[in-house]
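Below, read A as the first sequence line, B as the second, and so on, with proteins coming before strands; counting in each chain starts at 1.
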Number of protein chains: 2
Amino acid sequence: MIQISFEISNEIHHLLLFCAHKLFNKKLAISITNTGKNFLNHISLDCVIFGFHEGELKVLSLFYESLKLHSLPGGFIGVNESLEEAAQVVLKERTGLDAIFLKQFQVFSDFERSKQNPLVEKITKSNTTINSDFFDQRFITVGFYALVEYTKVNPTPDFISDSCKWVSLNEKIDFILDHSKIINKALQSLREQLNSQPIGYNLLPDKFTMSELRVLYETILGKELDRRNFQRKIMSYNILNKLNERRKGGAHKSPFLFEFNLENYEKALNDGLQGGW
Amino acid sequence: MIQISFEISNEIHHLLLFCAHKLFNKKLAISITNTGKNFLNHISLDCVIFGFHEGELKVLSLFYESLKLHSLPGGFIGVNESLEEAAQVVLKERTGLDAIFLKQFQVFSDFERSKQNPLVEKITKSNTTINSDFFDQRFITVGFYALVEYTKVNPTPDFISDSCKWVSLNEKIDFILDHSKIINKALQSLREQLNSQPIGYNLLPDKFTMSELRVLYETILGKELDRRNFQRKIMSYNILNKLNERRKGGAHKSPFLFEFNLENYEKALNDGLQGGW
DNA sequence: GCAAAAGTGTTTCAGCTACACCCATGG
DNA sequence: CCATGGGTGTAGCTGAAACACTTTTGC
């Protein structure tokens with residue numbers, strides 16, 4: 001644990017604030033006295049990690065007990081990594097998973113977006129003694145959404161948050177800052193993607209029934225789909241292999257299992273599925 | 001003209017580099033000696049400004065005579081403005097136009113993207129004496145595309161470039177850095193948008209013929225469309241008003257003029273035009 | 001046997017494709 | 001008067017939507 005404390009000018013202050021974030025990530029403690037107004041733009045990223053469980057679309061969320069508030073998993077960009085690489089690191093740390101379906105969907109840069117960050121209080125009261133000014137500055141954040149298989153995820157909080165857990169999109173959840181807005185935009189982007197790309201591979205187990213895939217689509221879209229027409233349409237894309245296995249154990253007739261045809265799936269990811277004109 | 005020159009530590013160097021960009025924008029001159037390696041991520045924005053003229057899709061480009069290279073108009077984000085606002089400023093300065101159709105489409109953050117920036121040589125040789133280190137750092141850039149009416153644009157170079165002009169997408173143009181990649185991605189995004197949003201209002205004059213609109217679509221999509229089917233489909237969206245005017249002067253039968261029905265156009269922008277599922 | 005889910009097929013209709021035909025205009 | 005582009009109509013095909021019937025399974 002290192003403790004640094006000194007009085008500095010406005011310019012040097014802001015440089016050190018930037019360094020502070022790096023040090024902060026390494027759990028070092030810095031106390032900085034601000035003497036001027038803000039100057040730098042900070043860039044961060046936030047991840048909307050979608051999972052699908054019990055017929056509900058869920059998002060992985062960090063929870064701050066003292067604030068009773070949720071937050072999206074996020075992070076900063078190292079000097080030697082791209083945004084995508086940095087996002088993969090965040091996902092790996094929160095879920096334990098590698099090589100996740102990951103897509104940047106929007107940059108959020110409203111000047112007001114990081115005002116009155118309730119995390120600041122939390123952080124300044126924590127064992128570190130970083131000054132709140134660092135977080136009072138404007139953060140430009142790049143929004144990513146990720147699709148993961150619910151059961152494979154091992155939700156892991158970071159060192160600021162008290163817990164990491166799935167929250168349903170149907171629940172009324174209080175998020176910090178504009179994170180609710182970011183989630184809504186992510187869902188909107190996901191819906192638009194659904195029309196041009198074969199989503200499902202990342203959200204479902206390796207083997208699944210047609211009903212499970214259809215319920216996933218229904219959940220994302222927020223409306224019911226005709227069982228028979230859905231099957232015909234999705235099969236016409238040639239991205240699924242019908243297996244000679246059936247799901248036993250449930251009541252009623254045992255359904256066939258399907259798996260994604262990875263070769264055609266990749267092709268569809270590149271080419272897109274359909275399009276007007 | 002102010003000349004500052006001093007030897008500094010690595011940390012302070014980078015802070016000053018950041019200040020330098022602000023000063024640089026105001027045409028002040030700074031000479032900085034670097035003593036360490038890079039640390040900060042810089043954020044910038046680049047605009048792919050599409051115009052449509054003589055049946056060709058064109059992009060507004062800055063040209064550097066000494067380098068024989070082109071560049072996209074770009075800029076930095078001020079402390080009190082959002083990315084969108086900063087992009088509007090760039091567009092205003094290069095085109096003279098306000099309230100342009102503007103959409104962020106991707107962030108480019110590859111670590112290698114700003115290596116070997118040929119502009120550095122240009123800049124260091126210019127009347128300013130800023131050190132190349134500032135530009136050798138990694139820039140994270142947010143890509144925007146804009147749609148403007150060709151004839152209304154007054155192309156204006158910035159103080160580094162020698163000229164500002166339209167270049168056709170059909171020409172083989174050499175751009176600095178990854179700007180060619182950014183343009184390709186912008187065009188790809190525009191094509192995807194075309195399927196869900198009524199593009200055209202921003203690229204055409206107030207009054208236009210059906211052929212002009214169709215040729216625009218054909219140009220963006222890079223393929224021919226059936227004249228009669230196109231008309232039926234576009235009219236079914238109810239975003240056009242057929243006027244009681246005809247375009248005189250051309251050879252052959254004089255075609256009717258159309259204008260966008262702004263009320264329905266706005267509605268279509270929000271709701272989207274069509275969609276699978 | 002029965003309820004519920006799953007498998008398979010059919011009818012219908014809208015929308016897209018691909019044309020044909022006539023009209024207006026300038027050279 | 002003719003070459004060319006513009007305006008309008010229509011037959012045919014395809015795919016989506018809506019729906020019917022049978023099969024399987026656990027209870």
Exercise. side-chain contact (heavy atoms from CB on, under 4.5 Å) with A:Glu171: which residues, sequence neighbours excluded?
Worked result: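 If we apply the side-chain contact (heavy atoms from CB on, under 4.5 Å) test to A:Glu171, skipping adjacent residues, the hits are A:Val167, A:Ser168, A:Ile173.
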How many whole angstroms separate atom [atom1] of [X] from atom [atom2] of [N]?
X        : N      : atom1 : atom2 : result
B:Gln231 : C:dG15 : CD    : C1'   : 17 Å
A:Asp226 : C:dT12 : CG    : P     : 17 Å
B:Lys233 : C:dA18 : NZ    : C1'   : 15 Å
B:Phe230 : C:dG15 : CZ    : C1'   : 16 Å
A:Leu225 : D:dA18 : CG    : P     : 11 Å
B:Met235 : D:dG6  : CE    : C1'   : 15 Å
B:Phe208 : D:dG6  : CZ    : C1'   : 16 Å
B:Ile234 : D:dG7  : CD1   : P     : 15 Å

For this session: Could you work out which one of C:dG7, C:dG9, C:dT25 sits closest to the side chain of B:Lys248?
Result: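 Closest nucleotide to the B:Lys248 side chain: C:dT25.
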For this session: Return each pair, listed once, that meets salt bridge (Lys or Arg N to Asp or Glu O under 4.0 Å) where at least one residue sits in residues 181-203 of chain B; pairs must be two or more places apart or across chains.
Result: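 Only B:Asp110-B:Lys181 qualify under salt bridge (Lys or Arg N to Asp or Glu O under 4.0 Å).
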Exercise. What pairs meet the salt bridge (Lys or Arg N to Asp or Glu O under 4.0 Å) rule with one or both residues in residues 90-104 of chain A, with sequence neighbours excluded?
Worked result: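 Every pair satisfying salt bridge (Lys or Arg N to Asp or Glu O under 4.0 Å) with a residue in residues 90-104 of chain A: A:Lys92-A:Asp98.
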Establish whether the base of [N] is bridged to the side chain of [X] by a donor-acceptor pair shorter than 3.5 Å.
X        : N      : result
A:Arg246 : D:dT23 : no
A:Asn229 : D:dA18 : yes
A:Arg228 : D:dA20 : yes

Exercise. What pairs meet the side chain to side chain donor-acceptor pair (under 3.5 Å) rule with one or both residues in residues 247-258 of chain B, with sequence neighbours excluded?
Worked result: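 For residues 247-258 of chain B, and leaving out neighbouring residues, the side chain to side chain donor-acceptor pair (under 3.5 Å) pairs sorted by first residue read B:Glu212-B:Arg247.
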Problem set entry | Distance below 4.0 Å between B:Ser254 side-chain N/O and C:dT25 OP1 or OP2 |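 Affirmative; the distance criterion is met.
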Exercise. Can you tell me if the side-chain N/O atoms of B:Lys242 get under 4.0 Å from OP1 or OP2 in D:dT8?
Worked result: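 Affirmative; the distance criterion is met.
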Grab the N/O contacts between the protein and nucleotides 1-5 of chain C below 3.5 Å, and write none if there aren't any.
from: C:dA4; atom 1: N3; to: A:His252; atom 2: ND1; distance (Å): 3.4

Exercise. B:Leu243 versus B:Phe256: any side-chain heavy-atom pair under 4.5 Å?
Worked result: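 No, every pair of side-chain atoms sits at 4.5 Å or beyond.
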Problem set entry | Any residue meeting side-chain hydrogen bond (donor to acceptor under 3.5 Å, both in side chains) with A:Lys207, in chain and number order, not counting sequence neighbours |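 A:Glu245.
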For this session: Compute whether any side-chain donor of one residue and acceptor of the other, for B:Gln106 and A:Gln104, lie under 3.5 angstrom apart.
Result: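 Side chains of B:Gln106 and A:Gln104: no pair found under 3.5 Å.
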